[in-house]
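Single-structure report; data block below.
Quick note: numbers below take in every heavy atom, side chains included, and nothing from hydrogens, waters or symmetry partners.
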Amino acid sequence: MDDQEINLARGDRARLLLEDELLNELIKKIEDDCYREIRNSKLMEGPVREQAYLLLTTIDILRAKLRSVMDTGKMAEVALRRRGRPPNK
């Protein structure tokens with residue numbers, strides 16, 4: 001398996017994760033919990049808001065990384081097709 005085939009497989013896995021209904025449901029629940037913590041925190045509860053904000057930021061970073069891997073997989077698929085090697089999916 002060469003690098004393009006590896007990137008294609010990783011891209012497919014990332015796409016499956018991004019489209020996974022249960023995973024998205026759980027992430028949405030975590031996000032909702034964080035927003036609720038931020039809205040309901042008292043003035044002096046800065047650390048609570050900061051922790052919720054960091055978790056939201058981490059979720060955004062995870063999604064961005066997964067999208068990047070998925071996009072790399074799409075580019076690998078194009079490269080494989082150009083070389084006359086249909087991707088093995």
Side-chain angles (χ1 to χ4, degrees):
M1 195 180 263
D2 70 9
D3 287 347
Q4 297 295 0
E5 291 168 326
I6 291 169
N7 286 336
L8 176 63
R10 287 170 42 91
D12 286 340
R13 287 179 60 202
R15 179 185 52 78
L16 289 172
L17 288 170
L18 286 166
E19 294 174 354
D20 186 270
E21 189 175 321
L22 178 60
L23 181 61
N24 283 308
E25 177 186 322
L26 296 173
I27 288 174
K28 173 82 167 80
K29 170 90 172 82
I30 292 169
E31 289 174 323
D32 290 346
D33 290 347
C34 287
Y35 288 121
R36 190 174 15 268
E37 282 186 23
I38 290 169
R39 281 191 308 273
N40 295 334
S41 64
K42 307 277 189 258
L43 179 61
M44 300 306 292
E45 294 178 324
V48 170
R49 288 187 298 277
E50 289 174 11
Q51 184 178 3
Y53 174 80
L54 287 173
L55 187 51
L56 289 168
T57 302
T58 301
I59 290 169
D60 289 342
I61 291 168
L62 176 63
R63 281 191 182 120
K65 296 289 185 184
L66 286 169
R67 282 189 207 105
S68 176
V69 171
M70 183 179 68
D71 290 343
T72 299
K74 289 177 184 177
M75 291 185 288
E77 182 176 7
V78 169
L80 286 169
R81 288 185 191 281
R82 284 187 181 158
R83 292 193 308 200
R85 293 173 54 192
N88 299 328
K89 287 191 172 186

Can you tell me how far the [atom1] atom of [X] sits from the [atom2] atom of [Y], to the nearest 0.5 Å?
| X | Y | atom1 | atom2 | value |
| --- | --- | --- | --- | --- |
| Glu37 | Leu55 | CD | CG | 8.5 Å |
| Arg49 | Leu54 | CZ | CG | 13.0 Å |
| Ser41 | Gln51 | OG | CD | 12.0 Å |
| Ile30 | Glu25 | CD1 | CD | 11.0 Å |

Any chain of hydrophobic side-chain contacts (each under 4.5 Å) joining [X] to [Y]?
| X | Y | result |
| --- | --- | --- |
| Ile27 | Tyr53 | no |
| Leu80 | Val78 | no |
| Ile59 | Leu23 | yes |

More than 12 heavy atoms of other groups within 6.0 Å of [X] [atom1]:
| X | atom1 | value |
| --- | --- | --- |
| Glu19 | CD | yes |
| Asp32 | CG | yes |
| Glu31 | CD | yes |
| Arg63 | CZ | yes |
| Arg10 | CZ | no |

> Side chain of Ser68, backbone of Ala64: donor and acceptor closer than 3.5 Å?
Replying inline: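 No; judged by distance alone, with no hydrogens or angles, the pair does not exist.
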> Quick one: does Ile6's side chain get under 4.5 Å of Asp2's, heavy atoms only?
Replying inline: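 Ile6 vs Asp2: side chains apart.
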> Does any non-hydrogen side-chain atom of Ile38 lie less than 4.5 Å from one of Val48?
Replying inline: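 No - every pair of side-chain heavy atoms lies 4.5 Å or more apart.
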> Passes side chain to side chain contact (heavy atoms under 4.5 Å, CB included), Leu66 versus Leu62? Steps please.
Replying inline: CA-CA 6 Å; Leu66 286 169; Leu62 176 63; 4.2 Å; yes
Closest contact, heavy atoms only, [X] versus [Y]:
| X | Y | answer |
| --- | --- | --- |
| Asn24 | Leu17 | ND2-O, 4.4 Å |
| Leu8 | Gly73 | CD1-O, 3.6 Å |
| Met70 | Ala14 | N-CB, 3.9 Å |

Please determine whether a side-chain nitrogen of the Lys or Arg among [X] and [Y] lies less than 4.0 Å from a carboxylate oxygen of the Asp or Glu.
| X | Y | result |
| --- | --- | --- |
| Arg67 | Asp71 | no |
| Glu77 | Arg81 | yes |
| Glu5 | Arg83 | no |
| Asp33 | Lys29 | yes |

